[in-house]
Asks: 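Sharing a structure here in structure tokens format.
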Amino acid sequence: MITELGHLALWIALAAALVQSIVPLWGTRARSASAMRVADTAAQVQFLGAAAAFGALTWAYVVSDFSLANVIMNSHSSKPMLYKVTGVWANHEGSMLLWVLMLALFGVLISVFGRMIPVVMRSTVLAVQAMIGVGFYLFILLTSNPFLRVASPPLDGQGMNPLLQDPGVAFHPPLLYLGYVGFSTAFSFAVAALITGRVDPAWARWMRPWVLIAWSGLTAGIALGSWWSYYELGWGGFWFWDPVENASFMPWLIGTALLHSAIVVEKRNALLKWTILLSILTFSLSLIGTFLVRSGILSSVHAFATDPGRGAFILALLIIYVGGALMLYTWRAATIGEGGVFSIWSRESGLLVNNMGLTAATGVVFVGTLYPLGLELFNGAKITVGAPYFNQAFLPVFGFIMFAAGIGPFLSWKRARPAVVLKKTAFGLAVTVLLTAGVALAFGLRDAVGLFGLFIALWLAVATLQDLAARAGLPRVSPGVALRRIAGLPRSAWGLYLGHLGLAIAAAGVVAVSVWKEEAIQTVAFGTPVEVGPYAFTLDKVENSTGPNYQTSIATVTVSRGGTTLVTLHPERRFYPVEGQPTTEAGIATMWHGDIYAVLGDPDGRGGFVTRYYYNPGVPWMWFGALMMTLAALVSLTDRRLRIGAPARRLAAQPAE
Amino acid sequence: MMFWFAAFGLTFFGALWIAWPFLRKDSVEMNDADGAISVFRDQLDELDRDLAAGLISEDERDAAAQEIERRTLAAARRLDAGFSLSHRAPAAAAAVAVLAGTLALGGYALFGVPGEPDQPLAARKTEVLERRASAGDVNARIALLIERTKQSPESFEDWWTLAVSYASIGDDAASVEAYRHAAELAPDEPGVQAAYAEAMVLANGNKVPTAARIIFETVMRKTADPRARYYVSLAKAQAQDFDGALQGWVALKDDSAPDAPWMPLVRRDIVNMVRFLKYDLTEYLPDATEAEIAAAGGASSAEVAVTRIAELEAQLSEDPLDYVAWIELATRLAQSGDNEKAATVLTQGAAHFAGAPFVQQKFDDAARELGMDILGAASDSGAVASPSAEDVATISALPQAEQDDLINGMVAGLAAELAENPGSPEKWIMLVRSYANLGEYEKATEAYESAKAAFAGNAEVLDMLAAGVADAIGE
């Protein structure tokens, strides 16, 4: 009964979304506040419906109800409980249900926390949000229904891809969807602005928290996915320019642009049309990402839906939403004024340069991802665009963006003094050159490309710290005053510093591991040490054991440096009998400067084993940098400005100001 | 019914909640709440803070403030322009609610399976067990039967099948318990009663307990059940009434078809009784085979047996670790009529192999074959001593010589077992290591060679063997 009520709840969510997409818009025309407020209650019912459906499906997974086709295909009674739960979204139907659940969650959050947003704007935003929902509810219920029952349930299910039975990837989709779907709020705000004709700094402020949440989730989701491929796929790689990775990277890049352009709207009431266009493009790229992954048009580990009917459905949704929004834009954009003016030397221009750079970078990734697809459609040729293209085309653009990101904060709003900016830049550059040279000499680094990359990363860090010092009043004021000033900086400023520093640290890590990685692949006998960079890896033994639903060979690898034993690693080779698939679990030891990484391969039949040993410098920096960026957005989210708005709260807060 | 009640309830409340704004009392609402204006006010405050912090100059502040004030005015103008009315509109509420409710219920009714119950795996236990049982899994069948007997404890069929299933996996104690239930449900079925009593005997190590004997005798009074007749005789034999037992078994043999399944057992026991009583077998078994006559101690070549007994005794005093020789000696002694000594020899032989269960089993089988277990029922000394856990635990308390004996016995037993079943690499490793420990390196190497021969071509096991014995024989 729980399952069937869950199915019904999904239909209730669809009905609520349908009401939510029609009645409030009619209300704004008819000036009926009641009709507009239906947006709030419908959003709440929609969320409860989606949540109940998701809960019912989860329940079916937890108790292994094999009367659901979806559970049969993706679960097994011997699977550990954690993966029974995460198995809910590790498949097409369940992940689409998670998608709409996230969408409904953002809707209900807007209805609850968006009280300061005027009812006309809020109800329009929620109506647009619901229009997206209606399409996806129909998609799920008509083509990808997870609640389909089978007449004679089998004794057990078919299990779940063992690669996905891992804590890292278990929480990767929810975070990624938080990002993808979160950008739907930006889209809804943009479309609502076009419908109501209202774009101003207040609008930007209302939209900003949702963009921050989405961006933070997407950053964490991408990092988590990358981390998973780093330790689970067993090649020491963390980013493969796989189309599915690109599908999440494009919304991130253009979402980053949106995050910055919205600041200009809020501060200076400028770049209005551009910001609206970016909002539409960001969610469009999220939808394209969903289309690419869900349609099965790409063949990669992620593309588990291969039903062309579904692909056509999503393509239709994509055309309706993106095409509709862009048509509305061309029709209504003329009614939106241009807003504030600014000179070439200004923070606004700096952010515009950031936007152009990020848009160009998105374009590079977009072409590299979709070109093979277009070519295949055009003449049937199957090609892959791999790392060389992206490294040559994307990295220079992104390096330029990072360089500009260092200068940006030196610029003041509206009209900056070029002399001041140039002086600060020159100072920062001098420090960076010295630091780069110092690092090169200290560690004996010679690779020109690597050193250039390091220079860029160092520059961003130096310039960011330089700006922080300037805001603290250094060197004019005493350290005590400077500290007090730093503590008193608004949280949004902390968002800037944490975010830019995080990017610098992550970039340094990427450069280090890409250029200075050491690796060795060989067949070894027990007890024979293998030199990898300064480290000696020795395979001591391999023991067989069993896990909850797999058999495993666990190796003991001792790593020493200069004769001193540093650490013992335990890489594993697992075999999942239900799914008939092996997986590797790398043995990793993390140090401040890098990872020691060992992978156990097949036995060679004469007592030896194939092993892969790596020293990956900088890898922990990547994860740390990504974590800083994720937190930067959350810190910025707590800025008091984003809590301003509700009249009553404003009055209450007055004495404290 | 229950399902539709819940479904309608859920849909009704959902629809009502959606339509709720139409049911609230009339009110006027500003279209543009002054949220926008408070945003601008906050921006002005921020300018002052930046100025105070020295981040912007006075001029910059004034310019920015002017800009923000312009925006504030624009927002205020919009504020004047619009407000919306909120009316109580039950008709609209009903329309919205009915629309939403119909869509939800209608869509679900089209695509769902209303009322279909959940089928969590735990609730499908019976089904799961049935499928496994039908695939030949005895344990699944037993689990299923236990479930059934819990649900219907009055079902004779289920108890009976359960008892048979337990017996088939050798769980005699559980089997007795199940037979007892079956027997209670069928008090007038001699076959069932006899089966119950037989299970008691099997669970009691083939000794007939008094309770079983009473049941068998009751059954015998009612019918000529061969099982009851056999066990009543066995009980007599175990009570040292060999004549009574012999009569019973002979009568049973006479009444049975020559190819009845119990005949080999009955003939064996007749032979043993005749031997104990030193009778002439042909009187009781006119169709006795050569082997049976020999086993009954009636061998024509008695002197050959005497020579062989001397030979075996000599051999065993040299090397007491040859269980086959011990058993042959006991058999020969019994056949020559010296049942007492045969029993003693079995006990002595078994004592050398205290730590080797495989060999102990062989001695037990031999004792049963010779009827020694029957003798043992009367005189404790005659039974084959099978070493208990305590015996093994007291090894360390034994004098050195006895300890060595015990260990030697264990090793010999292991070697004997592997000669018969060479399939366990772990036991081979144990054997090689044991020889090495005893200092018998030649035997260790020999055993290792045999092990390698047994697993030739199986690289994985060979690796395992090599790793297992590496430090023992220095390979």
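Throughout, a chain's letter reflects where its sequence line sits, starting with A, and its residues are numbered from 1.
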Asks: Hey, which of A/Ala42, A/Ala39, A/Ser64 has the most heavy atom pairs under 4.5 Å with chain B?
Replies: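 It is A/Ser64.
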Asks: Has the side chain of A/Glu4 got a donor or acceptor atom that lies under 3.5 Å from a matching backbone atom of B/Val113?
Replies: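 At least one qualifying donor-acceptor pair exists.
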Asks: Counting C-beta onward and ignoring hydrogens, is there a side-chain heavy-atom pair between B/Pro21 and A/Thr41 closer than 4.5 Å?
Replies: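 Heavy-atom side-chain distance check passes, below 4.5 Å.
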Asks: Should A/Asn269 and B/Arg71 be marked as a side-chain contact (heavy atoms from CB on, under 4.5 Å) after you check the CA-CA gap, both sets of side-chain angles, and the distance that decides it?
Replies: CA-CA 9 Å; A/Asn269 202 30; B/Arg71 278 181 229 147; 3.5 Å; yes
Asks: In terms of heavy-atom proximity below 4.5 Å to chain B, should A/Asp40 be classed as side chain, backbone, both, or neither?
Replies: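 Neither part; nothing is under 4.5 Å.
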Asks: Chain B heavy atoms under 4.5 Å from A/Gln20: which part of the residue, side chain, backbone, both or neither?
Replies: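 Neither part.
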Asks: Measuring only between side-chain heavy atoms, which start at C-beta, is B/Glu116 closer than 4.5 Å to A/His7?
Replies: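 Sidechains of A/His7 and B/Glu116: no contact.
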Asks: Indicate yes or no for a side-chain donor-acceptor contact from A/Asp65 to the backbone of B/Asp118 under 3.5 Å, with no hydrogens or angles considered.
Replies: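 Such a contact is absent between A/Asp65 side chain and B/Asp118 backbone.
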Asks: Do A/Phe147 and B/Phe111 come close enough that some side-chain heavy atom pair is under 4.5 Å?
Replies: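 No - every pair of side-chain heavy atoms lies 4.5 Å or more apart.
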Asks: How far apart are the closest heavy atoms of A/Ala15 and B/Ala100, and which atoms are they?
Replies: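 Between these two residues, the closest heavy atoms are CB-O, 3.3 Å.
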Asks: Heavy-atom cut-off 4.5 Å, strictly under: side chain, backbone, both or neither for A/Val38 against chain B?
Replies: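 Both parts, backbone and side chain.
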Asks: Under a 4.5 Å cut-off applied to non-hydrogen side-chain atoms, are A/Leu5 and B/Phe3 in contact?
Replies: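 Side-chain contact under 4.5 Å: yes.
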Asks: Measure the CD-CD1 distance between A/Gln44 and B/Ile18 for me, rounded to the nearest 0.5 Å.
Replies: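 Atom-to-atom, A/Gln44:CD and B/Ile18:CD1 are 10.5 Å apart.
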Asks: Could you tell me which portion of B/Glu67 (side chain, backbone, both or neither) has an atom closer than 4.5 angstrom to a non-hydrogen atom of chain A?
Replies: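 Contact with chain A involves the side chain of B/Glu67 alone.
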Asks: Does a side-chain heavy-atom distance below 4.5 Å link B/Tyr108 with A/Ile12?
Replies: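 With C-beta onward as the side chain, the pair stays apart.
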Asks: Do B/Leu121 and A/Val63 make a side-chain contact, defined as non-hydrogen atoms from C-beta onward lying under 4.5 Å apart?
Replies: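 Counting from C-beta outward, B/Leu121 and A/Val63 never come under 4.5 Å.
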Asks: With a 4.5 angstrom heavy-atom cut-off, which part of A/Thr3 approaches chain B: side chain, backbone, both or neither?
Replies: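 When you check distances to chain B, atoms from both the backbone and side chain of A/Thr3 fall under 4.5 Å.
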Asks: B/Gln119 vs A/Leu68, test: side-chain contact (heavy atoms from CB on, under 4.5 Å). Steps then yes/no.
Replies: CA-CA 9 Å; B/Gln119 300 195 31; A/Leu68 277 83; over 6 Å; no
Asks: Looking at A/Arg415, I want to see if its CZ is surrounded by more than 12 non-hydrogen atoms of other residues, nucleotides or ligands under 6.0 Å.
Replies: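 No, CZ of A/Arg415 has 12 or fewer neighbouring heavy atoms, counting only those of other groups under 6.0 Å.
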Asks: Got a sec: does the CH2 of A/Trp413 have more than 12 other heavy atoms crowding it under 6.0 Å?
Replies: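 More than 12 within 6.0 Å, yes.
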Asks: Relative to chain B, which of A/Ala60, A/Gly49, A/Gly488, A/Ala35 shows the most heavy atom pairs under 4.5 Å?
Replies: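 Among the listed options, the one with the most contacts to chain B is A/Ala35.
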Asks: So, A/Ser34 side chain and B/Phe22 main chain: donor-acceptor pair closer than 3.5 Å or not?
Replies: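 No; judged by distance alone, with no hydrogens or angles, the pair does not exist.
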Asks: Pick one of side chain, backbone, both or neither for A/Leu48, based on which atoms fall under 4.5 Å of a heavy atom in chain B.
Replies: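 For A/Leu48, the contact with chain B is made by the side chain alone.
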Asks: Go through it in stages, so that I can follow the logic: the residues are B/Leu105 and A/Leu8, the test is side-chain contact (heavy atoms from CB on, under 4.5 Å), and I'd like the CA-CA distance, side-chain angles, deciding distance and then a yes or no.
Replies: CA-CA 7 Å; B/Leu105 275 178; A/Leu8 171 67; 3.9 Å; yes
Asks: Looking at CG of B/Leu10 and CH2 of A/Trp11, how far apart are the two atoms once the value is rounded to the nearest 0.5 Å?
Replies: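 These two atoms lie 15.5 Å from each other.
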Asks: Got A/Met1 and B/Pro117 here, is their nearest side-chain heavy-atom distance under 4.5 Å?
Replies: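 With C-beta onward as the side chain, the pair stays apart.
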